[in-house]
Structures are given as structure tokens and as C-alpha cells.
Amino acid sequence: QVQLVDTGGGLVQAGGSLRLSCLASGGTFSDYAMGWFRQRPDEEREFVAAITRTGSSTSYGASVKGRFTISRDNVKNTVYLQMNSLKFEDTAVYYCAASAYYTTYGNVYLYWGQGTQVTVSS
């Protein structure tokens with residue numbers, strides 16, 4: 001069983017930056033592709049970013065491309081989401097997730113973090 005703990009959320013001013021972290025335990029971290037998703041009230045879960053097992057490739061949702069960067073450290077068993085140029089519309093609960101496959105589809109992911117709230121003030 002893989003456990004994921006999301007941290008780093010908080011309140012930030014529009015235009016600012018924030019870095020989320022997700023620490024994994026259990027299983028073998030390098031066996032999993034990792035992703036970040038977000039969800040706003042009354043909206044469906046939205047794909048944010050994904051990264052391959054080795055970190056060789058990444059993928060981003062259209063709304064965050066160019067502003068967010070996903071990365072991973074397989075020694076620290078941690079995946080990160082660097083968020084720059086934050087907008088009010090980025091306000092959401094952000095979840096990290098682990099998958100046996102590199103994919104943008106949330107339904108494929110096997111394990112999920114508890115979520116961390118990101119609030120961007122205008």
C-alpha cells in the first residue's frame with residue numbers, strides 16, 4: 001500500500017508562487033508515474049500535471065502549462081509542483097496521485113494524497 005502526503009498549500013497573492021510537495025511511502029516510488037490534480041467547489045476534478053517514473057517526460061493541463069512545473073526526486077520519494085504566476089482561478093484543493101501508467105486520466109491513478117488547499121487572493 002502506497003501512502004501519499006500532500007503539503008505546501010496555503011494563501012498566496014495573485015502573481016506569486018507556491019511549491020507543493022508530496023511524500024510517498026510504501027511500495028517502490030520509482031515504479032509509479034505521478035500526477036497532480038485539482039478540484040474546485042462544484043467542479044469536476046481537473047488534471048494539472050504528470051511525470052514519468054524517471055522524470056524524463058512531463059505533461060500539463062492547458063490552464064497551467066507554462067506556469068507550473070512538476071518534478072520528482074526518487075531518492076527522497078517526493079514529487080513537487082512548482083506553481084508560478086498564480087491566478088485567482090488556481091484556487092483549489094490540490095491532490096497528488098500515483099499510477100502504474102503515465103496518464104492524464106485521474107481514474108487510472110491508484111493512490112491519492114489527502115489534498116492540500118491552495119488559495120490565491122486577487
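Residue indices begin at 1 and follow the sequence shown. FYI, side chains are in, hydrogens and waters are out, and symmetry mates aren't considered; it's all heavy atoms of this structure. Please read these numbers as outputs of a predicted model, since none were measured by experiment.
- No more than 12 heavy atoms of other residues, nucleotides or ligands shown are found within 6.0 angstrom of CD on Q3.
- Under a hydrophobic-cluster definition in which Ile, Leu, Val, Met, Phe, Trp and Tyr are linked whenever side-chain heavy atoms come within less than 4.5 Å, directly or via other members, Y109 and V93 are assigned to the same cluster.
- Heavy-atom neighbours of Q13 CD from other residues, nucleotides or ligands within 6.0 Å: at or below the threshold of 12.
- Between E89 and V64, the closest side-chain pair of non-hydrogen atoms is not below 4.5 Å.
- In plain terms, the two heavy atoms of D73 and F29 that are nearest each other are O-CE2, 3.8 Å.
- Here CD1 of I51 is found 11.5 Å from CH2 of W36. Values are rounded to the nearest 0.5 Å.
- Across all their heavy atoms, T54 and N74 have their closest contact at CA-ND2, 4.4 Å.
- For E44, the CD atom is loosely surrounded, since the number of other residues' heavy atoms within 6.0 Å does not exceed 12.
- Two residues are said to be in side-chain contact when any heavy atoms from C-beta on lie closer than 4.5 Å; F47 and S59 meet this criterion.
- Here the straight-line distance linking atom CG of L86 with atom CZ of R67 works out to 6.5 Å at 0.5 Å rounding.
- Inter-residue side-chain proximity for L20 and T116 is flagged as met; some heavy-atom pair is nearer than 4.5 Å.
- What you find for G10 and L18 is that their closest heavy atoms are N-CD2, 3.9 Å.
- Proximity of a side-chain donor or acceptor of R53 to a complementary backbone N or O of Y102 within less than 3.5 Å is not detected.
- No continuous path of hydrophobic side-chain contacts links I70 to Y95 [ILVMFWY only; heavy atoms under 4.5 Å].
- Rounding to the nearest 0.5 Å gives a distance of 10.5 Å between CG of L4 and OG1 of T78.
- The two residues Q82 and S17 come nearest to each other via the heavy atoms NE2-CB, 3.9 Å.
- Contact annotation: the side chain of M83 never approaches that of V12 to less than 4.5 Å [non-hydrogen atoms, C-beta and beyond].
- Under a hydrophobic clustering in which Ile, Leu, Val, Met, Phe, Trp and Tyr are joined whenever their side-chain heavy atoms come within less than 4.5 Å, directly or via other members, V79 and Y60 fall into the same cluster.
- Taking both residues in full, the closest heavy atoms of T103 and A50 are given as O-CB, 3.8 Å, listed atom of the first, atom of the second, then distance.
- Taking the side chain as every heavy atom from C-beta outward, S63 and R38 approach each other to under 4.5 Å.
- Under a hydrophobic-cluster definition in which Ile, Leu, Val, Met, Phe, Trp and Tyr are linked whenever side-chain heavy atoms come within less than 4.5 Å, directly or via other members, V48 and Y80 are assigned to different clusters.
- Taking NZ from K65 and OG1 from T58, the interatomic distance works out to 7.0 Å, rounded to the nearest 0.5 Å.
- A perpendicular orientation is assigned to the rings of Y32 and Y111, their planes being inclined by more than 60° (bins at 30° and 60°).
- Side chain of T28 to backbone of S30: no donor-acceptor contact under 3.5 angstrom is found.
- The CZ atom of R19 sits 7.0 Å away from atom OG of S71, with the distance rounded to the nearest 0.5 Å.
- Checked by atom type and distance alone, the side chain of Q39 never pairs as donor or acceptor with a backbone atom of A92 at under 3.5 Å.
- Atom NZ of residue K87 and atom OG of residue S122 lie 14.0 Å apart, to the nearest 0.5 angstrom.
- Between L11 and S121 the shortest side-chain heavy-atom distance falls below 4.5 Å.
- With respect to the salt-bridge test (charged N to carboxylate O, under 4.0 angstrom), the residues R40 and E46 qualify.
- Nearest heavy atom pair, residue L23 against residue K76, reads CD1-O, 3.4 Å.
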